[in-house]
Amino acid sequence: MTVKTDLKTLEPLIYDLGAPGRSSPPLLPKCDVPEEPLPAEFTRDDLDLPEVAENDVVRHFVRLSTLNYAIDKGFYPLGSCTMKYNPKINEDTARLPGFAQLHPLQDASTTQGALALMYTLQKWLAEIAGFAACSLQPAAGAQGELAGILMIRAYHQDRGDTKRTKILVPDSAHGTNPATSSMAGFTVVELPSDERGDVDLDALRKAADDTVAGMMITVPSTLGVFDEHIQDIIEIVHGCGGLMYMDGANMNALLGVVKPGDLGFDVMHYNLHKTFSTPHGGGGPGSGPVACNEKLAPFLPGPIVTIVEDGAPDPKAGDDSDIAEELAPLYGWHMPEKSIGRLKAFHGNFGMHVRAYTYIRINGVEGLNAISRYAVLNANYVRALLQDTYHVPYNRICGHEVVLEGRFEDAPDIHALDISKRLMDYNIHPPTNYFPLIVHEALLIEPTESESKENCDNFVEAMKAIAREARENPQLLHDAPHTTPVSRLDEVLAAKQLVLCCRVVKEPASG
Ligand SMILES: *Cc1c(COP(=O)(O)O)cnc(C)c1O
């Protein structure tokens with residue numbers, strides 16, 4: 001089999017399509033403002049644009065879009081990233097003109113519907129996690145983390161407690177946790193995991209002193225497990241005067257099962273683009289709301305939505321009227337009194353708020369709980385079916401994801417990467433590779449709650465088939481993927497010199 005490495009051999013560039021005069025003339029409406037010549041420095045006589053008919057343009061880009069793998073094309077078990085489906089109704093609500101065509105600088109009196117939605121979402125997100133307040137500002141999980149850690153810093157500073165310079169971070173934490181802590185100016189103290197994948201309590205006790213500002217812990221951890229001593233951990237950290245940050249990016253393992261606020265956490269962030277089904281990665285901007293208890297509420301990033309005037313009884317509603325008995329309250333913007341400030345222009349990624357609101361609204365309390373039960377069931381189903389084929393280093397009931405080792409004693413040349421690349425030939429997106437760092441040849445797998453038993457079975461069968469191939473024909477794995485438009489890339493080069501657009505380089509005229 002030939003290894004295809006050059007996309008150009010498969011797909012023509014748009015510049016190779018069409019011919020002079022082929023494109024339809026632009027149909028612009030008649031100009032309704034006075035025409036002004038463009039400044040000369042912005043105009044050119046010669047612009048080398050392709051002239052392509054509409055149907056050829058559409059076919060070209062639709063074809064290109066199908067070369068890429070996406071959650072709408074197949075199973076996407078990317079651990080720690082929750083690539084679950086994005087309900088199409090979310091797109092309908094986000095496109096309602098009353099939401100989509102708002103301007104962020106509009107006066108609050110003209111945006112009451114949007115503010116009501118944000119207020120409700122703040123309230124729901126606070127309630128779901130057992131917290132007092134919430135800010136929708138952060139634009140990603142990592143930014144939510146930064147908000148939470150800056151709030152912890154501001155809290156200690158506000159009390160004049162300036163000796164707290166450390167944040168404790170378990171070695172099973174998401175990589176953004178230590179990055180966030182040091183970005184906020186703290187020294188990161190890494191805590192080891194014990195043999196069950198929980199935080200080593202002795203190490204924690206040793207580290208817990210009055211220089212600790214707090215602890216950041218990912219729940220469930222990136223080993224996919226829920227720490228069995230979470231209450232002890234919280235008690236120890238609180239005992240030394242530190243605060244507890246929960247990385248709740250993957251709350252789809254805990255919805256309706258555990259409220260972090262009830263456990264004693266002080267602050268956490270959500271990832272709306274994981275737990276609440278808004279598009280992820282290249283598919284859309286993220287959103288990482290941060291929720292906290294009363295103690296930290298004054299420090300939330302803002303402004304946040306608040307009720308400035310309670311709803312009054314509707315004077316127009318008669319006794320037998322079936323219209324609302326109460327007028328809606330008046331919503332407005334409020335900067336929490338000791339706010340760490342603004343994290344984002346305007347009000348966060350509002351389109352994501354609409355989508356998450358829609359998802360929560362559709363699911364309701366029971367639906368949210370079912371999300372977590374299915375997320376945990378699917379991960380444990382995959383674990384149980386694969387545990388005899390792949391080594392499961394922390395083999396216990398897991399949360400929404402499970403980590404396997406992508407290596408075999410009797411096929412020593414095979415690495416996790418080979419297995420992942422081969423999965424692409426089975427039309428499955430690779431799981432997360434080489435993370436968490438504390439597992440050799442890690443394959444971190446999250447089926448998600450939105451996949452059927454059949455899809456999980458199909459994945460398990462592919463993983464078993466690859467384990468057989470690893471012994472029988474290891475070269476097949478080393479050369480994989482075979483069925484994709486481009487085969488194995490130099491990943492370092494691809495990351496360092498990402499080429500996202502094509503440029504036509506004209507050959508210098510010869511002679
Ligand atoms: C995805 C993730 C993050 C980071 O979220 P981004 O939106 O990518 O910044 C942080 N922690 C955990 C556990 C995650 O899974």
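Residue numbers run from 1 in the order of the sequence given. Just so it is clear, the structure is predicted and the values come from calculations on it, not from any experiment.
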Q: Taking atom CD of Glu54 as the centre, does the number of heavy atoms from other residues, nucleotides or ligands within less than 6.0 Å exceed 12?
A: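 For Glu54, atom CD is not crowded (no more than 12 foreign heavy atoms under 6.0 Å).
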
Q: Does a salt bridge link Arg95 with Glu91, judged by any charged N lying under 4.0 Å from a carboxylate O?
A: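 Between Glu91 and Arg95 there is a salt bridge, with a charged N closer than 4.0 Å to a carboxylate O.
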
Q: Could you state the interatomic distance from NZ (Lys421) to OG1 (Thr484), rounded to the nearest 0.5 Å?
A: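 Interatomic distance, Lys421 NZ to Thr484 OG1, rounded to 0.5 Å: 8.5 Å.
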
Q: Which atom names give the shortest non-hydrogen contact between His429 and Leu78, and what distance separates them?
A: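 Closest heavy-atom pair between His429 and Leu78: CE1-CD1, 4.0 Å.
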
Q: Roughly how far, to the nearest 0.5 Å, is the CD1 atom of Ile438 from the CZ atom of Phe435?
A: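 One finds 9.0 Å between CZ of Phe435 and CD1 of Ile438.
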
Q: Taking the six-membered ring for Trp and the full ring for Phe, Tyr or His, determine whether the centres of Tyr69 and Tyr76 are under 6.0 Å apart.
A: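 Ring centres of Tyr76 and Tyr69 closer than 6.0 Å.
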
Q: Please determine whether the number of non-hydrogen atoms from other residues, nucleotides or ligands lying under 6.0 Å from atom CD of Gln387 exceeds 12.
A: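 Yes, because the 6.0 Å sphere around CD of Gln387 holds more than 12 heavy atoms from other groups.
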
Q: So, applying side chain to side chain donor-acceptor pair (under 3.5 Å) with Thr218, which one of Thr176, Asp227, Asn177 is it?
A: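 Running side chain to side chain donor-acceptor pair (under 3.5 Å) over Thr176, Asp227, Asn177 with Thr218 returns exactly one hit, Asn177.
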
Q: From Glu449 CD over to Leu255 CG, what is the distance, rounded to the nearest 0.5 angstrom?
A: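 The CG atom of Leu255 is 8.0 Å from CD of Glu449, to the nearest 0.5 Å.
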
Q: So, Lys88 side chain and Asn86 main chain: donor-acceptor pair closer than 3.5 Å or not?
A: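 Checked: pair present.
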
Q: With a cut-off of under 6.0 Å to the ring centre and 45° to the axis, is Arg471 in cation-pi contact with Phe408?
A: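 Judged by the rule, Arg471 and Phe408 form a cation-pi pair.
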
Q: Using a 4.5 Å cut-off on heavy atoms from C-beta on, say whether the side chain of Pro220 contacts that of Cys398.
A: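 No; the side chains remain at least 4.5 Å from each other.
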
Q: Taking the side chain from Ser287 and the backbone from Asn349, do they hold a donor-acceptor pair closer than 3.5 Å?
A: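 Checking the backbone N and O of Asn349 against the side chain of Ser287, no donor-acceptor pair under 3.5 Å is found.
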
Q: Should we count CZ of Phe75 as having more than 12 external heavy atoms under 6.0 Å?
A: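 Buried by this count: over 12 neighbours within 6.0 Å.
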
Q: Between Asp171 (side chain) and Ser193 (backbone), is there a donor-acceptor pair under 3.5 Å?
A: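 Between the backbone of Ser193 and the side chain of Asp171 there is a qualifying donor-acceptor contact (under 3.5 Å).
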
Q: Looking at Thr222 and Ser172, what are the two nearest heavy atoms and their distance?
A: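 For Thr222 versus Ser172, the nearest heavy atoms are OG1-O, 2.7 Å.
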
Q: For the residue pair Tyr331 and Tyr119, categorise the inter-ring angle as parallel (less than 30°), tilted (30 to 60°) or perpendicular (more than 60°).
A: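 Aromatic pair Tyr331/Tyr119 classed tilted.
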
Q: Side chain of Thr432, backbone of Gly79: donor and acceptor closer than 3.5 Å?
A: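 Judged by distance alone, yes, a pair lies under 3.5 Å.
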
Q: Check Gln143, Glu145, His174 against Thr180 for a side chain to side chain donor-acceptor pair (under 3.5 Å) and give me the one that passes.
A: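 Only one of Gln143, Glu145, His174 forms a side chain to side chain donor-acceptor pair (under 3.5 Å) with Thr180, namely Glu145.
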
Q: Does atom CZ of Arg342 have more than 12 heavy-atom neighbours from other groups under 6.0 Å away?
A: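 Yes, enclosed.
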
Q: What's the separation between atom SG in Cys134 and atom CG in Leu136, rounded to the nearest 0.5 Å?
A: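 One gets 5.0 Å once the value is rounded to the nearest 0.5 Å.
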
Q: What distance separates Glu441 CD from Ser420 OG, expressed to the nearest 0.5 Å?
A: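 Atom-to-atom, Glu441:CD and Ser420:OG are 10.0 Å apart.
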
Q: Walk me through it: do Phe265 and Tyr245 pass the test ring pair (Phe, Tyr, Trp, His ring centres under 6.0 Å)?
A: CA-CA 6 Å; Phe265 280 101; Tyr245 185 97; 8.6 Å; no

Q: To the nearest 0.5 Å, how far apart are CD1 in Ile152 and CE in Met215?
A: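 Spacing of CD1 (Ile152) from CE (Met215) equals 11.5 Å.
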
Q: With a 4.0 Å cut-off on N to O distance, would you call Lys84 and Glu451 a salt bridge?
A: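 Answer for the salt bridge query: no.
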
Q: Within the structure provided, determine whether Leu423 and Met463 are in side-chain contact (heavy-atom separation under 4.5 Å).
A: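 Heavy-atom side-chain distance check passes, below 4.5 Å.
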
Q: Evaluate the side-chain proximity of Arg407 to Ile414: yes if any heavy-atom separation is below 4.5 Å, no if none is.
A: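 Not in contact.
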
Q: Check Asp418 with Arg422, please: is the shortest side-chain N to carboxylate O separation under 4.0 Å?
A: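 So Arg422 does not pair with Asp418 through a salt bridge.
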
Q: For Lys496, is there an ion pair with Asp490 - N to carboxylate O distance below 4.0 angstrom?
A: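 Salt bridge flag = no for Lys496 with Asp490.
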
Q: Does the ring centre of Tyr426 sit less than 6.0 Å away from the ring centre of Phe459?
A: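 Here the rings of Tyr426 and Phe459 have centres that are no less than 6.0 Å from each other.
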
Q: Is there a side-chain contact between Leu121 and Met118 (heavy atoms, below 4.5 Å)?
A: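 With C-beta onward as the side chain, the pair stays apart.
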
Q: What about Phe276 and Tyr270, are their ring centers closer than 6.0 Å?
A: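 When the ring centroids of Phe276 and Tyr270 are compared, they turn out to be within the sub-6.0 Å range.
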
Q: Check the surroundings of atom NZ in Lys123: do more than 12 heavy atoms from other residues, nucleotides or ligands lie under 6.0 Å from it?
A: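 No, because the 6.0 Å sphere around NZ of Lys123 holds 12 heavy atoms or fewer from other groups.
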
Q: Mark yes or no for whether Asp46, through its side chain, and Arg44, through its backbone, hold a donor-acceptor pair below 3.5 Å.
A: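 Side chain of Asp46 to backbone of Arg44: no pair is present.
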
Q: If you look at every heavy atom in Leu300 and Met151, which pair is closest and at what distance?
A: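 Minimum heavy-atom separation between Leu300 and Met151: CD2-CE, 3.5 Å.
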
Q: For side-chain contact (heavy atoms from CB on, under 4.5 Å), just list the numbers for Leu386 and Val392, CA-CA rounded to whole Å, side-chain angles, deciding distance to a tenth of an Å, and then say yes or no.
A: CA-CA 8 Å; Leu386 285 178; Val392 184; over 6 Å; no

